[in-house]
Amino acid sequence: MMSGKHFKAHEVSCCIKYFIFGFNIIFWLLGVAFLGIGLWAWSEKFSVFLGIIFFLELTAGVLAFVFKDWIKDQLNIFINSNIRAYRDDIDLQNVIDFTQEYWECCGAFGADDWNMNIYFNCTDSNPSREKCGVPFSCCTKDPAEDVINTQCGYDIRAKADSEQRTFIYIKGCVPQFEKWLQDHLTVVAGIFIGIALLQIFGICLAQNLVSDIEAVRESCLFT
């Protein structure tokens, strides 16, 4: 005889259910990845592939050191070409603004590089309100200001150099980037060395895996 009490049936927790489902997906993906690596190693190409990548990275590092002046010139050309097209592409405009704000710089080698832009040049024939100015991202930031003044760079290059220093960054982005690299040389070098060591370790593991597979395959042939 059943009593009047009703017992609530136990339900499987949704969190546990999705957690186990997620785990199954992760292990399935890892299994596929390791299977792919195993097949690659079986054909004795994986360690060679890692070795090629390591060699290419090493070559790129040496070339970057040898041709650093050429790289600096190319960076200058790249920034100047983007300055010319500053108002033509909103994504490019955001990249330039982020770069100048992050490096606290203006132009490739100085604020006068903005003369290459048709809206910011100082020529008499320029009808733009931004004439002889710079983008707001060149302006020094006032911590007390919560709202960005997008007109802070108007007419600034018409002022004397000593006065410009108060309102805008006067250093170019190329030398600022070089300075950043010099200040963080140890960190950058450490990161590249760490990556190189991991790749060498991966090459050794892959080669060892290939040797083990070959040994197993030979033992199977003789049994």
Side-chain angles (χ1 to χ4, degrees), residues 56-195:
L56 290 176
E57 289 178 344
L58 185 62
T59 303
V62 172
L63 290 176
F65 179 77
V66 173
F67 297 101
K68 59 182 179 180
D69 291 334
W70 179 84
I71 293 174
K72 183 170 69 174
D73 292 339
Q74 295 303 310
L75 180 60
N76 180 31
I77 294 171
F78 174 76
I79 293 176
N80 286 337
S81 63
N82 290 336
I83 285 176
R84 294 187 185 95
Y86 178 75
R87 290 297 189 205
D88 301 333
D89 187 336
I90 187 63
D91 293 326
L92 178 62
Q93 181 175 318
N94 290 333
V95 169
I96 292 292
D97 287 334
F98 172 79
T99 301
Q100 293 189 144
E101 289 180 328
Y102 184 80
W103 300 114
E104 296 186 350
C105 56
C106 191
F109 283 94
D112 285 337
D113 288 337
W114 284 97
N115 272 327
M116 292 182 289
N117 185 279
I118 60 174
Y119 300 100
F120 293 99
N121 69 66
C122 294
T123 57
D124 295 334
S125 59
N126 182 9
S128 172
R129 177 62 189 87
E130 296 175 309
K131 172 183 175 180
C132 224
V134 293
F136 73 92
S137 53
C138 283
C139 297
T140 56
K141 301 299 180 288
D142 184 355
E145 291 184 355
D146 295 329
V147 180
I148 297 176
N149 179 11
T150 57
Q151 300 181 359
C152 60
Y154 283 15
D155 305 316
I156 193 66
R157 288 189 296 115
K159 303 178 185 294
D161 292 344
S162 58
E163 193 173 355
Q164 290 183 25
R165 294 172 179 268
T166 307
F167 300 100
I168 64 172
Y169 304 121
I170 59 168
K171 294 180 180 179
C173 293
V174 173
Q176 284 293 87
F177 177 68
E178 289 180 321
K179 181 179 180 298
W180 182 89
L181 280 181
Q182 292 174 357
D183 293 342
H184 299 81
L185 184 60
T186 304
V187 176
V188 174
I191 291 173
F192 278 104
I193 291 173
I195 293 173

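Once rounded to the nearest 0.5 Å, the distance linking CD1 of I83 with CZ of F78 reads 11.0 Å. In this structure, the separation between CG on D142 and SG on C152 is 11.0 Å, given to the nearest 0.5 Å. Within the model, atoms CH2 of W180 and CD of E104 stand 14.5 Å from one another, a figure rounded to the nearest 0.5 Å. In this structure, CD1 on I156 lies 10.5 Å from SG on C138, to the nearest 0.5 angstrom. The CG atom of L75 sits 9.5 Å away from atom CG of N80, with the distance rounded to the nearest 0.5 Å. Taking CG from N94 and OH from Y86, the interatomic distance works out to 8.0 Å, rounded to the nearest 0.5 Å.
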Discussion item. Go through it in stages, so that I can follow the logic: the residues are V95 and N82, the test is side chain to side chain contact (heavy atoms under 4.5 Å, CB included), and I'd like the CA-CA distance, side-chain angles, deciding distance and then a yes or no.
Written reply: CA-CA 9 Å; V95 169; N82 290 336; 5.9 Å; no
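Taking F167 as the reference, nothing meets the ring pair (Phe, Tyr, Trp, His ring centres under 6.0 Å) condition, with sequence neighbours excluded. In terms of the ring pair (Phe, Tyr, Trp, His ring centres under 6.0 Å) criterion, residue partners of Y102 (sequence neighbours excluded) are, by chain and number, F98. With sequence neighbours excluded, the residues forming a side chain to side chain contact (heavy atoms under 4.5 Å, CB included) with S128 are Y119, N126, E130, listed by chain and number. With sequence neighbours excluded, no residue forms a side chain to side chain donor-acceptor pair (under 3.5 Å) with K141. Not counting sequence neighbours, the partners of N121 by the side chain to side chain donor-acceptor pair (under 3.5 Å) test are T123. Applying the ring pair (Phe, Tyr, Trp, His ring centres under 6.0 Å) rule to F177 yields the partners W103; only residues at least two apart in sequence or on another chain are considered. Every residue two or more places apart in sequence or in another chain was checked for a side chain to side chain donor-acceptor pair (under 3.5 Å) with D113, and none qualifies. For A85, the side chain to side chain contact (heavy atoms under 4.5 Å, CB included) partners two or more places apart in sequence, or in a different chain, are D88, L92. Judged as a salt bridge (Lys or Arg N to Asp or Glu O under 4.0 Å), and not counting sequence neighbours, D97 has no contacts.
Between C173 and C106, the two SG sulfurs stay at or beyond 2.5 Å from each other.
Annotation for C139 and G153: closest pair SG-N, 3.5 Å, computed over non-hydrogen atoms. Of all heavy-atom pairs spanning S137 and E101, the tightest one is CB-CG, 3.7 Å. Closest non-hydrogen pair, Q100 versus G107, comes out as OE1-N, 2.9 Å. Summarising the geometry of A108 relative to P175, their closest heavy-atom pair is O-CD, 3.5 Å, with the distance given to 0.1 Å.
Pairs passing the side-chain hydrogen bond (donor to acceptor under 3.5 Å, both in side chains) check and including a residue from residues 156-174, sequence neighbours excluded, read N115-R157. Applying the salt bridge (charged side-chain N to carboxylate O under 4.0 Å, His left out) test to every pair with at least one member in residues 116-129, sequence neighbours left out, gives these pairs: R129-D155.
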